[in-house]
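Order of the sequence lines sets the chain letters (A, B, ...), proteins ahead of strands, with each chain counted from 1.
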Amino acid sequence: MTTTAIDYEAVIGLEVHAQITTRSKNFCSCSADYANAAPNTHVCPVCLGMPGTLPVLNRAAIEATVMTALALNCEIPLHSKFDRKNYPYPDLMKGYQITQYDEPLSLNGWTEIDDGNGGTLRAGITRVHLEEDTARLLHRVDSVTGEPYSLVDVNRAGVPLMEIVGEPDLRTPEQARQYLLKLRQILRYLGVSHANMEEGNFRCDANVSVRPRGSTTFGNKVEVKNMNSFRAVFHALEYELDRQSTMMAAGERIPMETRGWVEGENRTVSQRSKEEANDYRYFPEPDLPPVVLTPDWIEGVRAKLPELPDAKRARFVQRYGLSPHEADLLTDSRARADYFEAALADADPTDDAARRSLARAVANWMLGELARLQNAHGDEIEAVKVRPQHIRELVAVIEGGAISGTQAKDVFQKMYDTGEAPGAIVEAAGLSQISGTDELAAIVAQILAAHPQPVADYRAGKQEAIKFLVGQVMRATKGRANPESAGALLRDTLGG
Amino acid sequence: MSLTRDQVLHIAKLARMGVEEAEIEKFQRQLSQILDHFARLSEVDTENVPPTAYAVPLQNVARDDEPRQSYDRDKVLANAPMAEDGYFRVRAVLE
């Protein structure tokens, strides 16, 4: 970062586009599942923009948008409509995009995020509206003429897209990252989008300006595009904050423009001066009648909202006695939180202490060994073979004294690899601890005979020597002895 | 209402249409006539009429989220001036 005499802060507002996971497209019945489809096989006269065709709205896309808006604390106006946004580009077959201009499905929401400084920040949501995705373009060069040209795959055109417009409430690149993480988490909790930036179904453009810290006016904003990962967003914003602060400190005027992030060069470059909004010539989409919602219908959607991440985290802390950090990790995804609670399904609801104790043990396994193995294998929780109830069983097996802590890790590794129940693994491997005193006594006798010096030391009052002998017993039994029983038996035999 | 020369050039640019020098004045005149024609609508008293974007009294026309068979690709590409490897081929759009 360049240091300047004046301290500058960034003013950041993010526009997020998330593909909605419907089965069919937004305005026609072509399949929206185009990821592995051959080019131009999910197309029809509507999404190809043929003259004389009529779009018909997908009910599920409206519901997903309204549900997201409710999760983001938005108001839902009862009257909403669609508009045409005109711009000539071959990724739009019709020459316009169907979107929502002045009467979106929702307005005026907020979401609470980590402010990157140990506190929380309420980030405003301007609106969440419904629109359509564009065709995919490939850029090639003609091998004969050397002329560049483009190829168009229309499969993606018309897939429902929701745009989440954020207020310029973010002040640091880290807050922008936290905001995106929060949106992604909520979208995934709702199951309305895969929300995967790398896969391109969760995209982010940023509007960023700088101003002297403490100022309440806004500088000229720069729109930054082409950021294809959370990392890219963070670094592009850091770059812009630095670039604009330096210009401002030098008394230069910051032009209002669109800039693209160039991955690999770690900088943004000017793309074009921002077109005036009226160049899009928005006008009401005559082919789609307005959407008129009823309060009952909206409440019906609200009733379908799952428990959201913040509420779940608070409940995990309160009900299971987890630390906020542990609760954060366990509620990171809905699947992980569900897994955790499935493992506790048998806990006695009236016995707080027992529930918390089991929750503690399950949390330790999930955040310890399970997380370690998941990371090593790159497995999402959904792909993990270990069943939640098997973690509960493993906890019971350990508490029953049948296996030691060290053995438990080996058992867990086998559970992870095979998906088998811990009881079966313990039995098959003959891992159960030696509990019979006779068997242990024979081994203890052998160890004492083989190590006269530590025996003499112990008898001479050196209590520490017992540790060495216990270690030898554990070694001889390949860890199957219970160290406490072995210690007790050694002391008894030595007359201690 | 009379459109300026610059307005005609701006409209042509937005429509990605080239205009000959000789056409500019003609379009200024023609487009102005069209606007004048529609301007007659403003003579109607709409004081107590709520604004609407629709001429047909319909609302909430929506369908269930059921995918159906798409069109055959060969048929779809048959209309294209240029196609390649199952794609539509168009002039370069990189800026």
Which bit of L288(A) comes within less than 4.5 Å of chain B, counting heavy atoms only: side chain, backbone, both or neither? backbone
With a sphere of 6.0 Å drawn around CD of E25(B), does it hold more than 12 non-hydrogen atoms of other residues, nucleotides or ligands? no
With a 4.5 angstrom heavy-atom cut-off, which part of N26(A) approaches chain B: side chain, backbone, both or neither? backbone
Inspect the contact between D279(A) and K13(B) and indicate whether a charged nitrogen and a carboxylate oxygen are less than 4.0 angstrom apart. no
Spacing of OG belonging to S31(A) relative to CZ belonging to R68(B), to within rounding of 0.5 Å: 13.0 Å
Pick one of side chain, backbone, both or neither for F283(A), based on which atoms fall under 4.5 Å of a heavy atom in chain B. neither
Taking atom NE2 of H194(A) as the centre, does the number of heavy atoms from other residues, nucleotides or ligands within less than 6.0 Å exceed 12? no
Please check if the number of heavy atoms outside H79(A) that lie under 6.0 Å from its NE2 is greater than 12. yes
Looking at every heavy atom in both S24(A) and E66(B), which two are closest together, and how far apart are they? OG-N, 3.9 Å
Rounded to the nearest 0.5 Å, how far does CZ of R89(B) lie from CZ of R140(A)? 9.5 Å
Under 4.5 Å from any heavy atom of chain B, what part of L48(A) do you find: side chain, backbone, both or neither? side chain
So which part of E147(A) gets closer than 4.5 Å to some heavy atom of chain B, the side chain, the backbone, both or neither? neither
One option among P284(A), S29(A), P289(A) has the most heavy-atom pairs under 4.5 Å with chain B, and it is S29(A)
Look at L58(B), V56(B), N79(B) and state which one has the largest set of heavy-atom pairs under 4.5 Å with chain A. L58(B)
Among V152(A), L137(A), L138(A), who wins on heavy-atom pairs under 4.5 Å with chain B? V152(A)
Taking all non-hydrogen atoms of both residues into account, name the closest pair between P148(A) and A92(B) and its distance. O-CB, 3.3 Å
Quick test of your reading of the model: are R59(A) and D65(B) salt-bridged, counting only N-O distances below 4.0 Å? no
State, to 0.1 Å, how close Y87(B) and R136(A) come at their nearest heavy-atom pair, and which atoms those are. OH-NH2, 3.7 Å
Nearest atoms (heavy-atom pairs only) where P39(A) meets R73(B): O-NH1, 2.6 Å
Look at atom CD of E20(B) and say whether more than 12 heavy atoms of other residues, nucleotides or ligands are closer to it than 6.0 Å. no
Compare every heavy atom of N60(B) with every heavy atom of V292(A), then report the nearest pair and how far apart it is. N-OD1, 2.6 Å
Between atom OH of Y149(A) and atom CE of M82(B), what is the distance when rounded to the nearest 0.5 Å? 9.5 Å
R63(B) (side chain) donor-acceptor with C28(A) (main chain) under 3.5 angstrom: yes
Given a strict heavy-atom distance threshold of 4.5 Å, which part of C47(A) is in contact with chain B: side chain, backbone, both, or neither? neither
As an exercise, state the distance from CG of D153(A) to CZ of F88(B), rounded to the nearest 0.5 Å. 9.5 Å
Taking all atoms of both residues into account, what is the closest heavy-atom pair of L14(B) and P88(A), and its distance? O-CG, 3.6 Å
Could you tell me which portion of V154(A) (side chain, backbone, both or neither) has an atom closer than 4.5 angstrom to a non-hydrogen atom of chain B? side chain
